Structures are given as C-alpha cells and as structure tokens.
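Contents: one structure, followed by commentary.
Since the model is a prediction, treat every value here as computed from it, not as a measurement. Chain A is the first sequence line, chain B the second, and so forth, proteins listed ahead of strands; every chain is numbered from 1.
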Amino acid sequence: MPELPEVETTRRGIAGRLTGAAICEVIVRNPKLRWPVPGNLDEILAGQTLQAIERRAKYLLFRFKHGTLIVHLGMSGSLRVLSTDTPVEKHEHIDLVFSNGQRLRYRDPRRFGAFQWTVEPPEKHPLLCKLAPEPLSGEFNTDYLAKALAGKKIAIKPAIMDQHLVVGVGNIYASEALFRAGIVPQRPANRLSAEEILRLVDAIRAVLKEAIAAGGSTLRDYVDSDGNAGYFTVNSYVYGLAGKPCRVCGSPIQTLRQGQRATFWCPHCQH
DNA sequence: AGGAAAACCTGCGTGC
DNA sequence: TGCACGCAGGTTTTCC
C-alpha cells in the first residue's frame, strides 16, 4: 500500500519517539512475511540502542551500531508506537519493545512486507543495491530520466513504477504524476519529448512533496492512534475517479489496466 | 534480455 | 445470508 510519502510520513511519525531508545525485547508472533523474519531477531536487537531511522525508496532503515534492520511495509503494512500494555489484534505480527516503555508494533494483513537484518552497509544489500535515485534528490533530473527511458518500449506508467528507474512512485502517484505532466499513461517510455520528460520530473517531485506535506499535516497521534498511522487521504485528480468529471476540464476520467494495475487518466488533459 | 504474467497473502465490496 | 469473484497504494520470480 504505502508509497514513498506514506513511508516517509511513517518515518517522521516514529523517529522522534524512538531514536536513542534501547530495545529490550523483540516479539515475533508470525515470521511469515515476504521472506521469513530472522528467528534470532530478539538476540540480535535486545540491549541495542536505535541510532536513527532513515528511508531509502520505500524501505525504512533502523540503524544500530552493529547493523541495520531493513523494513518494508508491502501493500498493507503499518507501524505504530504504542504503550506497553496495548492488546494485540489480528495481523499484528511484530513488536519492538523499548526499555522506556514504548512499543513499535508492525501490522500487515497481507504479509507482503519484510523485516530483514544486515550487518553490511544497507545500500549494499541485494534489496537496495539496484534501486534508482531518490526522486527528491538532485540526482533525479531530466538528464537522468532521459537516459533511463531511452530504448524502453514499455508504457510510461509502468516505467515510472519500476524502482530501478525511479524509486518511491507507486500505483496512485504514477497516475497522478502523469496527469500533472499531461502525458497519456500508455505512451511508450522512449517516445517522450525532452519537454515532456522535464514536465514528468517536475510532476513526480511535486506530487510526492505535496503528499508528504499532506501526511505531515495529519501526523499527530502516533501513540494509540486509529491504526492508520502513516496513511492519509490524497487529494487526487484522477486516481480512483473513473467516470467522474476531470477537475480541470470536466471530461470523464478514464480507466484501464496496465500490468494488472488500475490506471486512471483524463483523455482531454493528457496526450 | 526485455517485458508480461504469475506468485506471494488477507479482507472487503459487489452481485447473484 | 452465503458464496464466488474481483479488486486492493508492492515487489520478486518465472516465463515467454
């Protein structure tokens, strides 16, 4: 579920409370995520102090002196900081228990998420080493994107969802970014003009930044919140609005499927 | 080798 | 009410 803004919002919501705190116990109720959760995670982390929580693409990196816990929320994962005695509900698979009485709880109904441990620099980890540049960094610019799209015959929408091309853009923000850039989602990636590539770079940046800002404005209650910490409603132009009038021109929003994912677009505003 | 499809899971809404 | 079906904001693996 979460795309870059939701992951970043989650990070900001939990980092302030947990950074510098020591872990006293790790409870894994169900280790069956995307890959098995390491069976000795409690031994690895008990007594260790959390140095920082960083983000790379849609991964959260929990940094410790002796290694990094790599966390991915998959489609349905979420993290909440709770007080120690909060009852466990269904699909709440993992708790990081801190000695200051706080508890970071991972919930993930579909279990597409991941908890992996590495002692190597995380950027060397197989899951991270091939990731594209961060879209909000200077590395992601028109020169980069032009080169990355050259020779790619696939449609531009699945292309920008490819984490080896640019990270952080998922199914919602892909449609939203292409709407803002005025580009039809089915266009072959290698047929974009220089001007369109520029608009797309700007649109991806703008959409993600606005969503992070929207998430930040809903950041409040990470302790005993309603279970949706890190999630917030997006003020979308096209996503989920099939048949509704376009907010810009009034034409009905169209929908199609690309690579078994729903795509939304405006046939009048996008070319 | 690029690109499409299947695979991993559970829950929810819809329609019969 | 019950059940089948399709769909859900991700990514790896498999298959052509």
Review point. How is A/K90 classified with respect to the nucleic acid when contacts are heavy atoms under 4.0 Å: base, sugar-phosphate, or nothing?
Key: sugar-phosphate
Check your understanding: Would A/W117 and A/H66 count as a close aromatic pair, with their ring centres under 6.0 Å?
Key -> yes
Review point. From B/dG3, C/dT11, B/dT10, pick the nucleotide closest to the side chain of A/I154?
Key: B/dG3
Review point. For C/dC5, what is the paired nucleotide under Watson-Crick or G-U wobble rules, both distances under 3.5 Å?
Key: B/dG13
Exercise for review: Please report the shortest heavy-atom distance between A/P2 and A/L73, naming the atom on each side.
Suggested key: CG-CB, 3.4 Å
Review point. With respect to the phosphate group of B/dA5, does any side-chain polar atom (N or O) of A/R261 fall under 4.0 Å of OP1 or OP2?
Key: no
Practice item. Considering only NZ, NE, NH1 and NH2 on the basic side and carboxylate oxygens on the acidic side, decide whether A/R199 and A/E195 come within less than 4.0 Å. Key: yes
Exercise for review: Please state whether the phosphate of B/dT10, meaning OP1 or OP2, lies under 4.0 angstrom from any side-chain nitrogen or oxygen of A/R111.
Suggested key: yes
Check your understanding: Between C/dG10 atom C1' and A/R110 atom CZ, what is the distance in whole Å?
Key -> 9 Å
**Study point:** B/dG3 OP1/OP2 closer than 4.0 Å to side-chain N/O of A/K152
**Key:** yes
Exercise for review: Rounded off to whole Å, could you give me the CG-to-P distance for the A/D108 and B/dG11 pair?
Suggested key: 11 Å
Review point. Base, sugar-phosphate, or nothing: which does A/G170 touch, judged by heavy atoms less than 4.0 Å apart?
Key: sugar-phosphate
**Study point:** CZ (A/R191) with more than 12 external heavy atoms under 6.0 Å
**Key:** no
Exercise for review: Would you mind classifying the nucleic acid contact of A/Q260 as base, sugar-phosphate or nothing, using non-hydrogen atoms under 4.0 angstrom?
Suggested key: base
**Study point:** Carboxylate-amine/guanidinium proximity below 4.0 Å for A/R11 and A/E54
**Key:** no
Check your understanding: Quick one: is A/H164 getting a side-chain N or O under 4.0 Å of the C/dT11 phosphate, OP1 or OP2?
Key -> no
Practice item. Using only side-chain N and O atoms of A/H72, determine if any of them is under 4.0 Å from OP1 or OP2 of C/dT11. Key: yes
Review point. Any side-chain N or O of A/K153 under 4.0 Å from OP1/OP2 of B/dG3?
Key: no
Review point. CZ of A/R34 versus C1' of C/dT11: gap in Å, rounded?
Key: 5 Å
Review point. Expressed in angstrom and rounded to an integer, what is the separation of A/I160 atom CD1 from C/dT11 atom C1'?
Key: 17 Å
Practice item. Figure out the CE/P separation between A/M75 and C/dT12, and round it to whole Å. Key: 14 Å
Review point. For A/A262, which contact category applies under a 4.0 Å heavy-atom criterion: base, sugar-phosphate, or nothing?
Key: sugar-phosphate
**Study point:** Distance test, side-chain N/O of A/Q163 to OP1/OP2 of C/dT11, below 4.0 Å
**Key:** yes
Check your understanding: Between B/dA6 atom P and A/R257 atom CZ, what is the distance in whole Å?
Key -> 12 Å
Point to revise | A/R55/A/E8 salt bridge by N-O under 4.0 Å criterion | key: yes
Point to revise | Whole-Å distance separating the CG atom of A/L149 from the P atom of B/dG2 | key: 14 Å
Review point. Nearest to the side chain of A/F112, which nucleotide is it out of C/dG10, C/dA8, C/dT12?
Key: C/dG10
Review point. Can you tell me how far P in B/dA6 sits from the matching atom in C/dG6, rounded to whole Å?
Key: 13 Å
Revision key, fill the gap. To the nearest angstrom, the CD-P distance between A/E92 and B/dT10 comes to 16 Å
